[in-house]
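Working notes for the structure below.
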Amino acid sequence: QKEVEQDPGPLSVPEGAIVSLNCTYSNSAFQYFMWYRQYSRKGPELLMYTYSSGNKEDGRFTAQVDKSSKYISLFIRDSQPSDSATYLCAMSAEIQGAQKLVFGQGTRLTINP
Amino acid sequence: DTGVSQNPRHKITKRGQNVTFRCDPISEHNRLYWYRQTLGQGPEFLTYFQNEAQLEKSRLLSDRFSAERPKGSFSTLEIQRTEQGDSAMYLCASSLGFWRETQYFGPGTRLLVL
């Protein structure tokens, strides 16, 4: 069993819809939770960064962390065609001050105009 | 452009050949990470440097792989005697090295071993 599980999709929704992306994890030592966006043939780009449980909002994006359930989510409101990309959840436990990220498989999202 | 840069962006090689990739991190970033990403999967950690010191290596990093960061600035990742299973995107990331740091990724080097 992988440490981080993410539904690979693909997920296709109409423009303007609310998108929900999720990951579950098994390592209770994870403290830092991130969402990256990756366009085709590009490197991952950091979208959201949260520490411990709770919600964090940034524009149309909201990240939620529920450590008791080992479950994290990313919500995208008013989705746009430019949001079409692969979304990767990532998490880490601080080891000697460094963060070795453990990624989910990635969910491929398409927003249809 | 002050982001992480990687060269080459693409590399095609024959099985058994050696290849070397270069990563230039964001200026003043102390930590440098290497990840590998295969098609349809998320990146997997390979190794990381704190300045010039290589502090951790993943089990994924076989003896054919070696990484260096000689002056604490750019880093190289060399694969000797490449195998078809080495075909992947090799990603470099850097960070300042503080608590709750953010890793910034480069565009990656896509390797194809024929």
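Below, read A as the first sequence line, B as the second, and so on, with proteins coming before strands; counting in each chain starts at 1.
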**Request:** Under 4.5 Å heavy-atom distance to chain B, tell me which part of A/P44 shows up: side chain, backbone, both or neither.
**Result:** both

**Prompt:** Where does A/Q38 contact chain B at under 4.5 Å (heavy atoms): side chain, backbone, both or neither?
**Reply:** side chain

**Message:** What part of B/Q103 gets within 4.5 angstrom of chain A, counting heavy atoms only: side chain, backbone, both, or neither?
**Reply:** both

**Request:** Counting only heavy atoms closer than 4.5 Å, note whether B/Y35 contacts chain A via side chain, backbone, both or neither.
**Result:** side chain

**Fill in**
Most heavy-atom pairs under 4.5 Å with chain B, out of A/R41, A/R108, A/M34, belong to A/R41

**Message:** For chain B, which candidate among A/L46, A/L101, A/L88 shows the most heavy-atom pairs at distances under 4.5 Å?
**Reply:** A/L101

**Prompt:** Between B/A67 and B/Q54, which heavy-atom pair has the shortest distance, and what is it?
**Reply:** O-OE1, 3.6 Å

**Request:** Using atom types as modelled and distance alone, determine if a side-chain donor or acceptor of A/K56 lies under 3.5 Å from a backbone N or O of A/Y49.
**Result:** yes

**Request:** Compute whether any side-chain donor of one residue and acceptor of the other, for A/T107 and A/D7, lie under 3.5 angstrom apart.
**Result:** no

**Message:** For a quick check under 3.5 Å, do A/R77 and A/T62 share a side-chain donor-acceptor pair by atom type?
**Reply:** yes

**A/L11/A/T110 under side chain to side chain contact (heavy atoms under 4.5 Å, CB included): CA gap, chis, key distance, verdict** = CA-CA 6 Å; A/L11 182 61; A/T110 300; over 6 Å; no

**Prompt:** What do you reckon, is CG of B/L60 surrounded by more than 12 foreign heavy atoms closer than 6.0 Å?
**Reply:** yes

**Message:** For chain A, which candidate among B/G42, B/P107, B/G108, B/P43 shows the most heavy-atom pairs at distances under 4.5 Å?
**Reply:** B/P43

